[in-house]
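Following: one structure in C-alpha cells, then a few remarks.
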Amino acid sequence: MAKSEPLHTEIGDFAVPRHIAIIMDGNGRWAAARGLPRGEGHRRGVEALRRTVRAAGDLGIGFLTIFSFSAENWSRPAAEIRELMGLLRRFIRHDLADLHRRGVRVRIIGEREDLDPDIRRLLEEAEELTRENNRLVLVVAFNYGARQEIARATRRIAAAVAAGDLSIDAITADTLASYLDAPDLPDPDLIIRTSGEQRLSNFLLWQAAYSELVFVPTYWPDFDRAALESAIIEYRRRERRFGGLVARTGS
Ligand code: FPP
C-alpha cells in the first residue's frame with residue numbers, strides 16, 4: 001500500500017461510526033461497462049479495498065468488516081472462484097506486512113472447514129501476526145453467510161447444553177450473540193452496499209438488527225475515500241433510536 005494521504009477535511013471533527021461493514025458489489029458490472037473481463041473488475045476491487053482500509057484507519061474507524069466471499073459465491077464458474085481465491089492469497093501475501101505496520105488487526109469470520117488448507121493457513125497467519133494491533137480491526141468475511149453463522153452458533157449452543165455447561169432456560173439473545181463467529185465485536189453501526197443493489201444478501205443478519213443501511217450507486221472498483229465519507233455523512237443525518245424514543249444520532 002502507498003503511504004497514507006493526509007486526512008480529508010470534509011468530515012471535519014465529526015465523530016465517525018465505530019463499526020462500518022461493506023458489501024463490495026459491482027465488480028462484474030464495472031468490468032462489463034468497460035468491455036473488460038470480470039476478473040479485471042475483481043482486481044480493481046482489491047485496489048478499492050486498499051484505499052478503503054487506508055481511509056478507514058485515517059478517519060479513526062475502529063472496525064471495518066468486508067464481505068469478501070460469500071457462502072453462495074461457490075456457485076460461480078470455477079475459473080472465477082479460482083480468480084477470487086488467488087486475489088485473496090495475493091492480498092494477504094502482498095499486503096499483510098503493510099497492514100501490520102499500519103496497526104491493522106485482521107479477523108476472519110465465516111466457515112473455514114471447507115477452504116483449501118493453504119488459504120486457511122494464510123488466514124490464520126494474518127490473524128496471528130496482527131493479534132496485538134489495535135488501530136483498526138479489519139474483519140474479513142470469507143466463505144461467510146449469516147444464516148450459516150447462526151446455524152453454527154446454534155450447534156455450539158446445543159453442544160454446550162448436551163455437555164451440561166448451559167441450561168436451556170438460560171438461553172437468551174445475548175447467549176446466541178456470544179456464540180457467533182466473532183462475539184467480541186460490536187454490531188455494525190453502518191452497513192454500506194455499493195452498486196445500487198438494496199439487500200443484505202445473507203450478510204451479518206443477526207448483527208444488523210439496528211444498523212443504518214446506506215446504498216450507494218457506485219460500483220465497488222470506483223469506491224474511494226470521498227465515497228466512504230459521503231456514506232458517513234448520510235449516516236450522521238439518520239436518527240438512531242434503537243427501538244426507543246430518544247434519537248442518538250451518529251456515534
Ligand atoms: C461483488 O462483485 C464482489 C465479490 C463477489 C467479491 C468481492 C471481492 C473483491 C473486492 C476482491 C477480492 C478481495 C479479496 C480480499 C478476496 P460481483 O462480481 O458480484 O459484481 P456484479 O454483481 O456486478 O457481477
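Each ligand, and each atom within it, is numbered from 1 in the order the structure gives.
Looking at E47 against ligand 1, nothing comes within 4.0 Å, counting heavy atoms. Looking at R38 against ligand 1, only its side chain comes within 4.0 Å, counting heavy atoms. Counting heavy atoms closer than 4.0 Å to ligand 1, residue W30 contributes nothing at all. Here V140 has no heavy atoms under 4.0 Å from ligand 1, in either its backbone or its side chain. For I66, no heavy-atom contact with ligand 1 is shorter than 4.0 Å.
Contact annotation: the side chain of R18 approaches that of F63 to within less than 4.5 Å [non-hydrogen atoms, C-beta and beyond]. No side-chain heavy atom of R102 sits under 4.5 Å from any side-chain heavy atom of V53.
Remark: the T175 side chain and the T172 side chain contain an N/O donor-acceptor pair separated by less than 3.5 Å. In this model, a donor atom of one side chain and an acceptor atom of the other lie less than 3.5 Å apart for Y144 and E149. No donor-acceptor contact under 3.5 angstrom links the side chains of H19 and D187, judged on distance only.
Below 3.5 Å of separation, one finds no N or O of N73 facing any N or O of ligand 1. For the pair W220 and ligand 1, the shortest N or O to N or O distance does not fall below 3.5 Å.
Rounded to the nearest 0.5 angstrom, I20 CD1 and L190 CG are separated by 5.0 Å.
Remark: distances from the non-hydrogen atoms of M85 to ligand 1 are all 4.0 Å or more. At least one heavy atom of G26 sits closer than 4.0 Å to an atom of ligand 1.
The protein heavy atom nearest to atom 19 (O) of ligand 1 is R76 NH2, 2.8 Å. Scanning all protein heavy atoms for the shortest distance to atom 1 (C) of ligand 1 gives M24 O, 3.1 Å. The protein atom (non-hydrogen) at minimum distance from atom 2 (O) of ligand 1 is N27 N, 3.3 Å. With respect to atom 20 (O) of ligand 1, the closest heavy atom belonging to the protein is G28 N, 3.0 Å. Nearest protein neighbour of atom 6 (C) of ligand 1, counting heavy atoms only, is S68 O, 3.4 Å. Residue, atom and distance of the protein heavy atom nearest to atom 13 (C) of ligand 1 are V46 CG2, 3.9 Å.
Screening R43, R90, R38 for a salt bridge (Lys or Arg N to Asp or Glu O under 4.0 Å) involving E83 leaves a single residue, R43.
Closest heavy-atom approach to atom 16 (C) of ligand 1 among the candidates T194, L88, I23: L88. Counting heavy atoms only, L49 comes closest to atom 15 (C) of ligand 1 of the residues L49, I92, L87.
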